[in-house]
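Taking it in order: structure first as structure tokens, then the write-up.
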Amino acid sequence: QKEVEQDPGPLSVPEGAIVSLNCTYSNSAFQYFMWYRQYSRKGPELLMYTYSSGNKEDGRFTAQVDKSSKYISLFIRDSQPSDSATYLCAPRPFSGYSTLTFGKGTMLLVSP
Amino acid sequence: KAGVTQTPRYLIKTRGQQVTLSCSPISGHRSVSWYQQTPGQGLQFLFEYFSETQRNKGNFPGRFSGRQFSNSRSEMNVSTLELGDSALYLCASSFLGGEDEKLFFGSGTQLSVL
């Protein structure tokens, strides 16, 4: 079993839809949970950053972490065509900030 | 403030050659990490440098090496290139490299090995 699993997609939704992107992990030592967005031919861009369990909201984006089930979610409200990208979850332990374990990412396509 | 800059943007090499990739971190950032991204394996950690010292290393063969200069700029080198080294190589920087630090990535160098 890989440490971090994501459905590769693509996930296709119409503009304005609520999107749910999910990630599971196996390492109980993971304490920090990052979501990165990667556009084609670009580097990953940090989108959301949470510590431990709970929810965090930033504009149209909400990150949710359930450490008991080792499940991470990213919700996008009122999705836009500009949200079309690959979304990567990247959890890590308390130390080892540079050694992120990335999921392979979920490709999201938002059609106008 | 300028982001992480990687050069060159694209590179084509043949098997057996060696290659050097360059990374300039965000101004003031002292930690530089390198990742390899392939369709099959996704993003994998190569190594991290802080104050010119390698602080962490991923599970890659010794053909992959790096260094960091006093101005925090970093280079990574791959010797005796193999076809499987074709990938997007990403550099990321962070300020001090503490527990609460976040990584900021460059756009990467796309390496093709023929």
Same apolar cluster: B:L83 and B:L111, side chain cutoff 4.5 Å: yes

Proximity breakdown for A:Y51 and chain B, heavy-atom pairs closer than 4.5 Å: neither

Minimum-distance pair of heavy atoms, taken over all atoms of B:L90 and A:Q38: CD1-NE2, 4.4 Å

Cluster check B:M76, B:F60: I/L/V/M/F/W/Y, side chain < 4.5 angstrom: yes

Proximal component of B:Y89, with respect to chain A [non-hydrogen, under 4.5 Å]: neither

Donor-acceptor pair, side chain of B:Y35 and main chain of A:L100, under 3.5 angstrom: yes

Hydrophobic cluster membership, A:L47 vs A:L21, 4.5 Å side-chain cutoff: yes

Common cluster, A:F61/A:Y39, ILVMFWY with side-chain heavy-atom separation under 4.5 Å: no

Gap between atom OG1 of A:T86 and atom CD of B:Q37 - 0.5 Å precision: 8.5 Å

Other residues, nucleotides, ligands: >12 heavy atoms within 6.0 Å of A:K67 NZ: yes

A:Y32/B:K102 under side chain to side chain contact (heavy atoms under 4.5 Å, CB included): CA gap, chis, key distance, verdict: CA-CA 10 Å; A:Y32 288 91; B:K102 305 170 188 63; over 6 Å; no

Reported NZ-to-OG1 distance for the pair A:K104 and B:T38, which is rounded to 0.5 angstrom: 7.5 Å

Neighbour count above 12 (heavy atom, 6.0 Å) for B:N71 CG: yes

Per-residue contact mode, B:L88 against chain A (heavy atom under 4.5 angstrom): side chain

